[in-house]
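To keep things clear, I will list the structure first and then write my remarks on it.
As the structure lists them, so they are numbered: ligands from 1, and atoms in each ligand from 1. Side chains included, hydrogens not; waters and symmetry mates left out as well; all remaining heavy atoms used. What you are looking at is a predicted structure, and each value in this text was computed from that prediction instead of being measured.
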Amino acid sequence: MFVRPKIIPVQGVCCKLKILPITFLTSLRTADAFPEGEKRRPEMPLLFAGYFFTKFSPTCGPLSSPFRPPLEYCRVKTQRDAWERITLRHWFAYVGFVWFRSIESLSRLVMNMNGSDLSKFRYDKAIVCGIPSSLPAAAQRQSDCLEPVNLSKALNQHANYVRALKNMGLQVIELTADEQYPDCVFVEDAAVVCGDIALVCRLGHPTRRGESARMKTVLQELGLSVEEMEHPATLDGGDVLFTGKEFLVGLSERTNEQGVHILAETFGDYPVTAISVSNHLHLKSLMSMAGPDTVMVGGSSEADDVWNEVEKKSEVQV
Ligand SMILES: CN(C)C(=N)NCCC[C@H](N)C(=O)O
């Protein structure tokens with residue numbers, strides 16, 4: 001089942017020819033991403049149509065605006081949905097190869113068309129930290145009844161993770177495990193990096209605050225412009241979801257309003273929106289980016305509530 005796109009009359013022959021098959025395919029894929037019973041978004045095909053209209057025909061710009069959806073991100077529930085949505089872009093790129101004899105030029109066009117600048121997600125370095133043997137006994141847990149951490153399994157998973165990062169061509173900066181800090185493996189909490197700016201966090205849990213000092217030195221050595229958060233602000237990187245267009249920041253047990261405020265000051269080029277998170281550790285325990293403009297959201301009712309708040313508050317709305 002999918003929602004049949006409404007084709008808006010448009011001036012310009014070349015525009016009409018290119019738009020039809022692409023709009024059709026888009027509507028099919030969009031409907032796939034929303035399981036039976038979930039609210040359909042008939043406006044999505046129109047969004048794509050709208051972009052084609054504005055990009056291909058100078059005469060039809062104003063037509064596109066009333067049909068834009070309230071939020072530019074697409075919510076997916078599984079990796080398969082995310083993959084399908086992203087393959088759609090590859091399909092565009094393939095068509096581009098045939099039409100333009102240059103994948104580069106069309107993929108650039110597709111990115112502009114969707115307003116997503118993929119360069120914001122193109123990384124060349126990754127920082128990781130080893131797992132200390134103190135983790136199973138002393139790391140913070142959300143509940144005492146959780147299954148104990150299996151250290152050898154964790155070490156094995158971590159080694160695979162580092163290998164995967166290296167295979168992607170990233171330069172991997174490997175920090176040694178610090179036994180003083182049982183949670184030090186979760187490096188993403190200690191700093192937020194965007195472009196050439198790094199914000200060293202004051203972590204929300206007092207047992208983790210000391211992790212920031214080493215991270216600060218590493219980021220400075222990488223030549224980034226480093227800012228540091230001070231008392232009373234707290235923020236864990238796990239609460240920070242960068243979509244490429246804005247920051248969504250969980251207000252949680254670990255991240256307070258002052259922390260959100262400092263993040264907004266530090267990364268002034270982007271809108272920053274606070275989202276309430278309760279019953280879960282971080283915003284990114286509930287959702288994460290799965291591709292350009294594609295957010296993977298958990299299936300729990302808490303994840304639904306938090307996503308609803310994102311829909312209401314996100315700055316990337318028209
Ligand atoms: C989104 N995630 C998973 C994170 N960014 N960090 C998890 C930190 C877990 C650690 N035991 C703690 O309680 O701090």
Side-chain angles (χ1 to χ4, degrees), residues 79 82 121 123 126-151 153-155 157-158 160-162 164-165 173 175 177-194 198-216 218-219 229 233-243 247-256 259-260 263 267 272-290 294-300 302-303 305-307 309-310:
Q79 277 191 340
F121 294 105
Y123 301 103
I127 302 175
V128 297
C129 177
I131 302 180
S133 53
S134 55
L135 183 140
Q140 297 304 317
R141 305 295 310 264
Q142 275 219 289
S143 149
D144 294 337
C145 3
L146 292 169
E147 204 188 314
V149 174
N150 176 335
L151 186 61
K153 193 172 165 191
L155 289 168
Q157 288 176 342
H158 193 262
N160 289 338
Y161 168 61
V162 173
L165 292 173
I173 297 143
L175 309 183
D178 188 340
E179 292 299 332
Q180 272 189 79
Y181 298 109
D183 284 303
C184 64
V185 63
F186 300 105
V187 270
E188 83 153 335
D189 292 325
V192 178
V193 181
C194 184
L199 175 63
V200 175
C201 304
R202 184 165 175 268
L203 285 131
H205 200 284
T207 60
R208 297 198 58 191
R209 298 231 165 106
E211 292 173 32
S212 304
R214 178 165 63 158
M215 185 55 77
K216 181 177 174 186
V218 172
L219 296 169
M229 192 174 274
T234 61
L235 183 133
D236 279 13
D239 271 318
V240 180
L241 183 65
F242 178 61
T243 67
F247 284 96
L248 300 168
V249 188
L251 263 181
S252 66
E253 267 178 33
R254 300 289 178 89
T255 298
N256 63 18
V260 180
L263 184 123
F267 301 103
V272 174
T273 303
I275 305 289
S276 323
V277 173
S278 50
N279 300 328
H280 275 83
L281 183 58
H282 291 132
L283 178 67
K284 285 193 287 189
S285 311
L286 298 163
M287 63 185 67
S288 197
M289 293 310 285
T294 309
V295 187
M296 175 113 57
V297 184
S300 65
E302 284 98 340
D305 292 345
V306 173
W307 178 252
E309 195 176 332
V310 169

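Under a 4.0 angstrom heavy-atom cut-off, H205 registers as lying outside contact with ligand 1. Ligand 1 has at least one atom lying under 4.0 Å from a heavy atom of R254.
Between the T234 side chain and the R254 main chain, a donor and an acceptor come within less than 3.5 Å of each other. Side-chain N or O atoms of T255 include none that pairs as donor or acceptor with a backbone N or O of S252 at under 3.5 Å. The backbone N or O of K284 lies less than 3.5 Å from no partner atom in the side chain of H282, so there is not a single donor-acceptor pair.
Every pair passing salt bridge (Lys or Arg N to Asp or Glu O under 4.0 Å) that includes a residue from residues 206-216 is listed here, sequence neighbours excluded: D189-R208, R208-E211, K216-E228.
At most 12 non-hydrogen atoms from other residues, nucleotides or ligands lie less than 6.0 angstrom from OH of Y161.
Not counting sequence neighbours, E302 has no partner by the salt bridge (charged side-chain N to carboxylate O under 4.0 Å, His left out) test.
Here's the thing with S285: none of its N/O atoms is less than 3.5 angstrom from an N/O atom of ligand 1. Residue contacts with ligand 1: K284 is placed with no nitrogen or oxygen under 3.5 Å of a nitrogen or oxygen of the ligand (distance criterion only).
Atoms of ligand 1 lying under 4.0 Å from at least one heavy atom of G238, given by number and element, are 5 (N). For ligand 1, the atoms sitting less than 4.0 Å from at least one non-hydrogen atom of H282 are 1 (C), 2 (N), 4 (C), 5 (N), 6 (N), 7 (C), numbered in the order shown with element in parentheses.
When only non-hydrogen protein atoms are considered, atom 8 (C) of ligand 1 lies nearest to D189 OD2, 3.4 Å. Of all protein heavy atoms, the one lying nearest to atom 1 (C) of ligand 1 is E188 OE2, 3.5 Å. Among protein heavy atoms, atom 10 (C) of ligand 1 sits closest to D183 OD1, 3.2 Å.
At a heavy-atom distance under 4.0 Å, no atom of D236 approaches ligand 1. Using a 4.0 Å cut-off between heavy atoms, R208 contacts ligand 1 through its side chain alone, with no backbone atom that close.
Rounding to the nearest 0.5 Å gives a distance of 10.5 Å between CD of E253 and CG of D236.
The two residues A233 and G259 make their nearest non-hydrogen contact at CB-N, 3.7 Å.
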